[in-house]
Amino acid sequence: MDYQFKDIEQKWQKFWAENQTFKAEDKSTKPKYYVMDMFPYPSGAGLHVGHPLGYIASDIFARYKRLKGFNVLHPMGYDSFGLPAEQYAIQTGQHPAITTEANIATYRRQLDQIGFSFDWSREVRTSSPDFYKWTQWIFMQLFNSWYNKDADKAESIEKLVSHFEQNGSAGINAVCDDDILSFTADEWKGMSNQAQQEELLKYRLTYLRESTVNWCPALGTVLANDEVKDGFSERGGYPVEQKKMMQWSMRITAYADRLLKGLDTIDWPEPLKEMQRNWIGKSVGASVRFKLENSSDFIEVFTTRADTIFGATFLVLAPEHELVPLLTTDAQKADIDAYVAQAKKKSELERMAEAKTVSGAFTGSYAINPVNGEKIPVWIADYVLAGYGTGAVMAVPSGDQRDYLFAKRFELPIIQIIDIQKIETEADPTKEGKYINSDFINGLNYKEATAAVIAKLEEIGAGKAKINFRMRDAIFGRQRYWGEPVPVYFKDGLPYLIDEKDLPLVLPEVDKYLPTEDGEPPLARAKGWNYKPHTPPVAPSKSPPAGETLAAEAGSNFSEDEKLPDYLTGAYRETADAYIYEQLRDFSRENRKNPTHAENILWQLLRGSQIGHKIRRQHAIDAYIGDFVSLQKGLVIELDGHHHKLNKEADDIRTGVLNHFGFTVIRFSNDEVLENPQKVASVIKQKLDEMPERDLSKLSDTFPKRAVQVSPTGGDLEGASDDVEYSYELSTMPGWAGSSWYWFRYMDAHNDKEFASREAIGYWKDVDLYIGGSEHATGHLLYSRFWNKFLKDLGLVIEEEPFKKLINQGMIQGRSNFVYRLMDDEGRPINTFVSHGLIKQYKTSPLHVDVNIVDNEVLNVNKFKQWRPEYADAEFILENGKYICGVEVEKMSKSKYNVVNPDDLIDRVGADTLRMYEMFLGPLEQSKPWNTNGIEGVFKFLRKFWRLFHDADWNFKVSDAEPTKAELKSLHKIIRKVEEDIERFSFNTSVSSFMIAVNELTDLKSNNRAILSDMVIILSPYAPHICEELWVLLGNKPGSLSHTPYPQFNPDYLVEDEFAYPVSINGKTKLNLNISLSLEGADVEAFVLGSADVQKYLEGKTPKKVIVVKGRIVNIVV
RNA sequence: GCCUAGGUGGUGGAACUGGUAGACACGCAGGACUUAAAAUCCUGUUCGCCUUAAAGCGAGUGCGGGUUCGAUUCCCGCCCUAGGUACCA
C-alpha cells in the first residue's frame, strides 16, 4: 500500500491513548527528565498553525529523551481562567465555565491529531477547584509569611510575632511597608488584636495596600503594568486611567536581589534575561540627605553618582513631592501652584511627548550641600518622577544632560568636577579622569572618589550607600469574576484567612458577570456568599488566653474593669444569646486586653462614668462586638481602622442588625481620635445627653431570644453559628496566579492532601526544559520564579529556580495575500482585478484574499469566484496567463484571511508532515511568517521514506543481508547528526539531514532491515505515526518503539581512507585532489606540489609557503 | 537614546571551535512518462562575462576598513531590520 497517512495516524493516536504509552512513571530507576510547554489559554478561536510550533519541538525532545533512556514527564494543561471567557460571558450570559469547557474540548481534539506524547493523566486546569484549592493554599502561605533580610529568606509570621513578644520591633530587618511602628515587647503585648493584625499586615508577603492602579473603566478591572500599552489596555485597546484602590499586593520586591542573581544560574535566552534585569532595575548608589536652610527638615535624594556631589548646584523635586508645599515661599507660591497644577493635568503620554522641553519652577527655598555647606536652590520639575527613588534628585549639570539643560534654561551654575570633562555644549558623564573643584576627593579617580564620598556621608550622618530597585510590588487582584477567589474574609475591616479546612473556596454563582451598580466586583452579586468561621476569628499567632495573668502582664490601665462578669447573668446576658455570647466572650476579652492605640486613648476619656454615662468596652450584641457601648441609652460607638473602608457592605449589615436591636451606631475614625480625643469624647457625651434613657428591665423581653439547646452534636448550634458571617474578599486573583506554580501540580496532579507530595517533588525537582513564547518575559516567568523561591524558603520544594533551560519559540506571523481591484476614474471600484505585476499601470485598491485559495502567490481564479457571491462574475487582467497576488507579513488573524488552520493541513498531508514541516521552516527561536509553500517537499520525503520499505508494487519488502559500508555510513552520519541537532535544538537542520539520508539510501537502493530499523527509531520523534507503523511492519511489538534504545553511534563507519582536499592558491579554491588520509602534512604538500594540475595553476612560480590542514584544506601562497 | 538579537540566491534557510559559501527544500526553466491532466522521475538553477560545447575568467554573505596563508565566522567604524525599554537620577 502507498503511504496512507490518515489511517496510520488515526490508528496510532488511538493506540497511544488506549495504552497510555506516554504515562510518566512516578518511581523509576531511570534518570528523570521534565519537558514542559507553556500551557495555553483555551481561546474560542482554537489553534492556528503557529501555536503547535513549540509543542512540536518539546514533543520531539521528549520522545528523543525517552529513546535515550530517561523517565520523561511531558504534561499538558490549560490556563483556563481569564478575560476572554468572561467578556464572552458578559455579552452572552453564558457561564465562563461552559465556554471554557467547550474550548478545551476543541483544543484537545486539535492537539490529539498532531500526535503529541503528552501524559494526559496529569492534565491540569487552573479553573478547576482541585487545582485552585492549592493556588489559594499558596496564597495563604504567603499571607502567613514575612521576609527576613538577615536570613535572606521568607519566614513564618509566627516567628515574627514571637520576636515582637520577646524583643518588640527592635532587631527586625524585614522587607515591609514604610510606615511600620517601632515598639517594645510590652507595647506589643499591650496592643489590641486589631492593632497587632494591622501591624502584621505591613510585613506579610501578600498584603493589602492602597495603591495607584491602572484602572480600565471599560473592562471594569485593574490591569497589570504589562497589560497596559501607552495608556490603553493591551486587550481591547480601552483607555486606562490611574486610580487609587485598596488592592492585594505580593511583596515580590523582597526577592528582587535573588531574582536578579538567579538569572546567572539558568540557561535562558539572553534577551529574556536582559528584560528581567531591566524590569528589576537594580541601581547601586547612595541616598543623601540635604538639610534645609531654615528648618530641621531635610530632602533625601538617591544618586548613582555620589562622586559628583561637589558638582551639585541645585536640587529638583517631583511636583508631587510631599515637601513642596512646605518649601514654597510666599513669593514663589503663585509660580509653584501654577506649575503643579499644570503638571497634574498632563497625562503620562504628554509628559513623554514633551520630554525635550525643559520646564520647572523655583520654590524659593534653599538646602545645604552636606559635603561643603554650600547653599543651593530647590526647584521642582516634572522630569523628576515621584515614583522612582525618593522623588528628588541632586542636580549635577556637568554630568547629567537633563540637569545641564535645566541649568542652562534657568541660568543655574554648572561646575566642572573632572579634569577631562568637556562641558561647553552638553553634559559629560565621564568616569575617567581625576576630580577637581571637589575638596577632599580632588585628584582621586572614580572608584576612590565614590568610596570616599560615601564614607564621609556616613561619618557625618548625611547619607549612606543604597541600592534602589525599579521593580514594584505586584498587584494581586482583579475586579473580575472568572478567577480564583481570594481565601480571605473581613472582620472589623481587617483581612483574615479562612480555615484551611474550608479550601477550596469555590467560585460562587452570580446572576451577571458585571460589576454591581456601585462599582463592586461581580462577586458582590453572589447571594449569601459569606464566611462562617469554625471559631471566631482570632489571629492564629495569638498566645492562648491565660486569664488574669496575661491581663496583669499587659500592665496598663485596665485593672478595674477586667474582672469579667459571670456571662450568664447581668446585662451581658441581656444582649446576646448564650451560644453566641459563649463564642464571642473570649474574643471580646481578647480585644479588651489588646486595644488599638486609638481605642486605648478614647477609653481613658470614657471609662467609668467620666462623661456622666456608663460605658462598656468590647460589648457583645448579637453576633457583633461593639467597641464602646452604652446600654442605658442604646448607643454603640465604633472606631474604624484604615482598612475599614474596604468593607462598607459588612458595616452596613452590622449597623442594620444593631439598629434592629434598638441601638444607634456612631462611628469615628482612628485618625479623628488620635488627632483630637477630647473632641471625640465631647461629641459622644453630647450625643448621650440628647438620647432618652432606655428601660433596661424590659430589654430582655424585647430582645429576641433564641431557644438554645446546648447539645454536643450540634444541631441548633450550627444554625446559631450561621449568624456569625463575614464578607469574603470580593476581588479574584489575577491571571498569573495559577500559572505561577502549575509545574509542581503536574508532578502529582491528583493529590488532595498537598499541592504535590514531597516524594514527587523530590523526584522531579524542577523543569529541565521549558518551551514557550517570550511575551511572558516579565510576567509569568518572573512571578513563577518568585513563587518557586518562596516555596523553597518554606522548605516545600528543592530547587531555587523552576526552569533550568528555557527556549522561546519564535512567533509565527501571518502572510497575507492581496488582490487589486480596479477603480474607475471617479475612484469607484469595478469588478475587475489586476495581477500584482501590473498594478502600477492602473488605479487599484488592494483587498485581502483568503490565503487558502492562493498557491505560490498564484490566485485560483475559479475558487476566487466562488469565494464571495459578488466576485462570481469578476474579470481579471492577467500576466503570463496567471493572476499573481501581492504579499505582506501581518499578524495572523481572521479579518486578514491569512489564518492557516492545522486541521486543514493534517487533512491534506497528515500530522507527521505538519510536524516535520513546522520544524523545517527555520530555527525554532526565530520569528517567521507562515508559508505553506514547501510543505510538499516534506510530504514527498515521507513518501520516499515509506517507499524504502516497499517494492514497486507497494508490498512491504526488506532484505536481511549484511549492511554495506555505504549504508552504514549514511546511517551513522544521521545518528550522530540528529543527536547533535536535538541537543542544541536545531530541529530544522536535522530534518534536512533526514532528507539527505533518505536520498542516499534511495540512491543505494537500500532496503536493509538493520539499517531501516535504526532509521525508524531515529526518525520517530519527528514523525511518530509513520515510524510506529513501519516498526510493526518490521516485526516489532506494537507500541514498543517509544521506549526502545536510541541507536549507538559508531565513528568507525565514518572513517575515510581518502579525502578530496580542496587546493587553493592565495585563498582561492582551484581544484580538488584525492589524497590518502594516512599521509601527514609534509607528504601531502609534496603530493600536491607534484601534481601536474597544480603546477599548471602555479604557472612556473615558486610557492612562498604551503599550508596543510590535515583532512581539511591545502593552501598555496605565491 | 539605551539594551538584546539579527542582516547570506527569486524564497525559507545551511555552513559545528576561522578552512571548498549557498547544504536541504520551495519556486522557476527544460526534459521523460501520459490522449491529456494529476502524480512520479531526470537535468539545470548565486550573479556577471566568455564559449558551439567542454572548460574558463571575474564578483559575491548589509557598507567601509583591519587581523590572517585563508574571514559569513574575529576586531574597529557605520547603515539597516526586529524585539525590549526609558526623563530611572
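A, B, ... follow the sequence lines: proteins, then strands. Residue 1 opens every chain.
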Candidate nucleotides [options], ranked by approach to the side chain of [X] - the nearest:
X	options	value
A/Asn1115	B/rG19, B/rA86, B/rU4	B/rG19
A/Val384	B/rA89, B/rU4, B/rU40	B/rA89
A/Thr989	B/rG19, B/rA15, B/rU4	B/rA15
A/Glu274	B/rG19, B/rC87, B/rC3	B/rC3
A/Pro271	B/rA89, B/rA5, B/rC69	B/rA5
A/Tyr383	B/rA39, B/rG19, B/rC87	B/rC87
A/Arg470	B/rA25, B/rA86, B/rC26	B/rA86
A/Leu385	B/rG70, B/rA89, B/rG12	B/rA89
A/Asn999	B/rA89, B/rG19, B/rA25	B/rA25
A/Ile1113	B/rA25, B/rC69, B/rU20	B/rU20

For [X], answer base if it contacts any base atom (sugar-phosphate contacts may also be present), sugar-phosphate if it contacts only those atoms, and nothing otherwise; contact means non-hydrogen atoms under 4.0 Å.
X	result
A/Arg277	nothing
A/Pro269	nothing
A/Val1117	sugar-phosphate
A/Ile996	sugar-phosphate
A/Lys1104	nothing
A/Pro1062	base

Does [N] have OP1 or OP2 under 4.0 Å away from a side-chain N or O of [X]?
X	N	value
A/Asn988	B/rA25	no
A/Gln926	B/rG6	no
A/Asn468	B/rC88	no
A/Arg402	B/rC88	yes
A/Lys282	B/rC88	no

Just to verify, what does [X] make a side-chain contact (heavy atoms from CB on, under 4.5 Å) with, not counting sequence neighbours?
X	value
A/Thr430	A/Ile418, A/Ile420, A/Gln421, A/Asp428, A/Glu432
A/Asn1115	A/Ser1064, A/Ile1107
A/Thr363	A/Leu327, A/Ile336, A/Ser365, A/Val378, A/Ile380

TODO: Evaluate salt bridge (charged side-chain N to carboxylate O under 4.0 Å, His left out) for A/Arg976 paired with A/Glu979, printing each intermediate quantity in order.
DONE: CA-CA 5 Å; A/Arg976 183 180 57 181; A/Glu979 236 175 312; over 6 Å; no

When A/Val991 and A/Ser927 are each assigned the nearest nucleotide of RNA chain B, the 5'-most assignment goes to A/Ser927

Return whichever of A/Val1114 or A/Ser993 has its heavy-atom-nearest nucleotide of RNA chain B closer to the 5' end.
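The residue closer to the strand's 5' end, by nearest nucleotide, is A/Val1114.
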
chi for B/rG84 classified (syn = within 90 degrees of 0, anti otherwise) as anti

Using whole Å, what does the distance between atom [atom2] of nucleotide [N] and atom [atom1] of [X] come to?
X	N	atom1	atom2	answer
A/Asp403	B/rA89	CG	P	12 Å
A/Ile935	B/rC26	CD1	P	12 Å
A/Lys273	B/rC3	NZ	C1'	15 Å
A/Ile280	B/rC3	CD1	P	19 Å
A/Lys928	B/rA5	NZ	P	19 Å
A/Phe994	B/rC24	CZ	C1'	13 Å
A/Arg984	B/rC16	CZ	C1'	6 Å
A/Arg947	B/rU40	CZ	C1'	7 Å

Using the [atom1] atom on both, measure [N] against [M] and round to a whole Å.
N	M	atom1	result
B/rG56	B/rU17	P	33 Å
B/rC33	B/rA38	C1'	13 Å
B/rG22	B/rG31	P	28 Å
B/rC16	B/rU11	C1'	26 Å
B/rA5	B/rU43	C1'	41 Å
B/rU45	B/rA39	C1'	23 Å
B/rG9	B/rC47	C1'	9 Å
B/rU61	B/rC74	P	15 Å

- Task: Mark yes or no for a side-chain to base donor-acceptor pair under 3.5 Å between A/Asn933 and B/rC26, with no hydrogen or angle criteria applied.
- Result: no

Shortest non-hydrogen pair, A/Leu782 vs A/Met471, comes out as CD2-SD, 4.2 Å

Original post:
Do A/Ser992 and A/Thr989 have side-chain atoms, one donor and one acceptor, less than 3.5 Å apart?
Top reply: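 The criterion, which ignores hydrogens and geometry beyond distance, is not satisfied for A/Thr989 and A/Ser992.
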
So the salt bridge (charged side-chain N to carboxylate O under 4.0 Å, His left out) pairs with at least one residue in residues 387-402 of chain A (sequence neighbours excluded) are A/Asp400-A/Arg402

Residue pairs fulfilling salt bridge (charged side-chain N to carboxylate O under 4.0 Å, His left out) with at least one residue in residues 913-934 of chain A, sequence neighbours excluded |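 The answer is A/Asp59-A/Arg915.
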
Pairing stems for RNA chain B [at least three consecutive pairs; Watson-Crick or G-U; under 3.5 angstrom]: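 B:1-7 with B:79-85, B:10-12 with B:24-26, B:27-32 with B:40-45, B:46-49 with B:56-59, B:62-66 with B:74-78 - these are the stems of 3 or more pairs that involve RNA chain B.
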
Original post:
Under a 4.5 Å cut-off applied to non-hydrogen side-chain atoms, are A/Asp403 and A/Met394 in contact?
Top reply: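 With C-beta onward as the side chain, the pair stays apart.
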
Exercise. Would A/Val1088 and A/Ile1116 count as a side chain to side chain contact (heavy atoms under 4.5 Å, CB included) if you check the C-alpha gap in whole Å, the side-chain angles of each, and the deciding distance to 0.1 Å?
Worked result: CA-CA 9 Å; A/Val1088 168; A/Ile1116 301 166; 3.9 Å; yes

Looking at the rings of A/Trp946 and A/Phe5, which for Trp means the six-membered one, are their centres under 6.0 Å apart?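 When the ring centroids of A/Trp946 and A/Phe5 are compared, they turn out to be at least 6.0 Å apart.
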
